[in-house]
Structures are given as C-alpha cells and as structure tokens.
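The structure under discussion appears below in the form of structure tokens.
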Amino acid sequence: MQLKSNDGDSENCLTSAELSALLQSLGEQRSRDVFRQLFEFFAPRLKTYFLKGGATAELSEELIQETFVIVWRKAEMFDSRKASASTWIYTIARNLRIDRFRKERRYLYKDDHFFANELVGEGSQLDDHHQSQLSEQVEKVLPLLPAEQSKIIKLAFYEDASHSKIAQHLELPLGTVKSRMRLALARLRKLLEGMEL
C-alpha cells in the first residue's frame, strides 16, 4: 500500500481519543476506510521513526507494511484501557524493528542490560501479556522520575534514539546522557519492583 497525500489535513489532526476509537472500530468492524485513516495518520510518522532508528528507506517501507498487516489482523486485541492507539501501534513497530535488527546482528543497547532484556522483550508484546503489562507500568511510573531522566527514557524507549542521538538532541555531553540513563533505569527497576506485572 502506498501512502497517498490527503486533500485535507483531517487525518493529521486526530486526537489520541479519536485514534483509539478508530482502532477499536477497526477491530470490531474491519472497515477498510477506518484502516485507511489509521494508515494515512501513522505511516509517515512510522517512516520517520524507522529512519531515525537507522533503517533504510526501503526497510522502513517494509516495516510499515508489516506493522499494518499486524494492525489489521490483531486490531480486536486492542484495549484502550491499557494503552493508547499510538502506544499499541508503536509497540508493534518497535518489536518488528528490533526483531529485524537482531536478525541482522545490529547493535542494540548492549551496555544497558535492563533496557535490552526487560523493557524490550524477545517476544511480541501483543502475544506476551507480561510484556504488555510492563510497558503499561513503565508509562505509569515515568512521571515519577526526575524530568531530565524521564526525557532520556522516553527518547530511548519510544523513539529508539541511541545515546549519541539523545546527547545531540538534548545538547548534553554523552557521558551525562549515559549517567542519567543508568540512574533512570535503576530508579525504574525500584519503582517497578513493587508493582504486580
């Protein structure tokens, strides 16, 4: 499916609640029109996400297609009480990207054991209830972190930014980013320990 340009910008102004309603509707009614709206909203954003994460333009297109195949097949599994539509779709995209890069033996945060082995699991979060709950709990506890740590975790976890890209984006020394990342991950572990996953 090729992304078409819209005459209007309605799809670009959808709220989180509207996106969740569309995704829920897709799961219930399997509407191609609803699918098109979701595709037109998320495809350009996912392409930027994949490209920033180091994928080629060709691989980005492939991963977008694979993401939306899963969205179409599993939309009925979406639960707006547990995650937003964006979080749910980006989780699918992230897992596909990680799986592809692992197959290609690409570097993936090898110095952050907790990030690589806990926050990013081996299996699909759609199929792994524990991982889905973990992602939800992380969203809940992020506001409890100091702002500078939360910002770094968000960039790494949701935008897949490398340490060097985070340092560049936040205009911080690389050592400061790594230090804050480790402090943030240690704090996340403590916050998550007391929660039922």
Min side-chain heavy-atom separation [X]-[Y] under 4.5 Å:
X    : Y    : answer
W88  : V71  : yes
L183 : L145 : no
L46  : F68  : yes
I70  : L96  : yes

If you take all heavy atoms of [X] and [Y], which pair is closest and at what distance?
X    : Y    : answer
R45  : Y90  : CB-OH, 3.3 Å
L38  : L19  : CD2-O, 4.1 Å
S31  : V34  : OG-N, 3.2 Å
V177 : H163 : CG1-O, 3.9 Å

Residues in side chain to side chain contact (heavy atoms under 4.5 Å, CB included) contact with [X], at least two apart in sequence or another chain:
X    : result
R32  : W72
E18  : L14, T15
L170 : K151, I152, L155, I166, L172
E58  : T56, E62

What is the distance from atom [atom1] of [X] to atom [atom2] of [Y], rounded to the nearest 0.5 Å?
X    : Y    : atom1 : atom2 : value
E76  : L23  : CD    : CG    : 10.0 Å
Q149 : L185 : CD    : CG    : 9.0 Å
S164 : K178 : OG    : NZ    : 9.0 Å
L22  : Q29  : CG    : CD    : 10.5 Å
S60  : Q65  : OG    : CD    : 11.5 Å
I89  : F39  : CD1   : CZ    : 11.5 Å

Query - Working for side chain to side chain contact (heavy atoms under 4.5 Å, CB included), residues F50 and E61 - result: CA-CA 9 Å; F50 288 133; E61 292 291 340; over 6 Å; no
**Report entry** Donor-acceptor pair between S84 and S86 side chains, under 3.5 angstrom
**Finding:**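 The criterion, which ignores hydrogens and geometry beyond distance, is not satisfied for S86 and S84.
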Query raised in the report: Partners of E66 by salt bridge (charged side-chain N to carboxylate O under 4.0 Å, His left out), sequence neighbours excluded?
Result: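 Result, salt bridge (charged side-chain N to carboxylate O under 4.0 Å, His left out) vs E66: R100.
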**Report entry** Hydrophobic cluster membership, L59 vs L51, 4.5 Å side-chain cutoff
**Finding:**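 Hydrophobic grouping puts L59 apart from L51.
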Report task. Examine distances only and state if a side-chain atom of T67 and a backbone atom of L63 form a donor-acceptor pair shorter than 3.5 Å. Result ->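 Yes.
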Query raised in the report: Got a donor-acceptor contact below 3.5 angstrom from the K165 side chain to the K52 backbone?
Result: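 Yes, the answer is positive, given that a donor and an acceptor are paired below the 3.5 Å cut-off.
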Report task. Could you pull out all residues at least two apart from D79 that satisfy side-chain hydrogen bond (donor to acceptor under 3.5 Å, both in side chains)? Result ->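 Applying side-chain hydrogen bond (donor to acceptor under 3.5 Å, both in side chains) to D79 gives R81.
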Report task. Could you tell me whether Q168 atom CD has more than 12 heavy atoms of other residues or ligands within 6.0 Å of it? Result ->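 Open.
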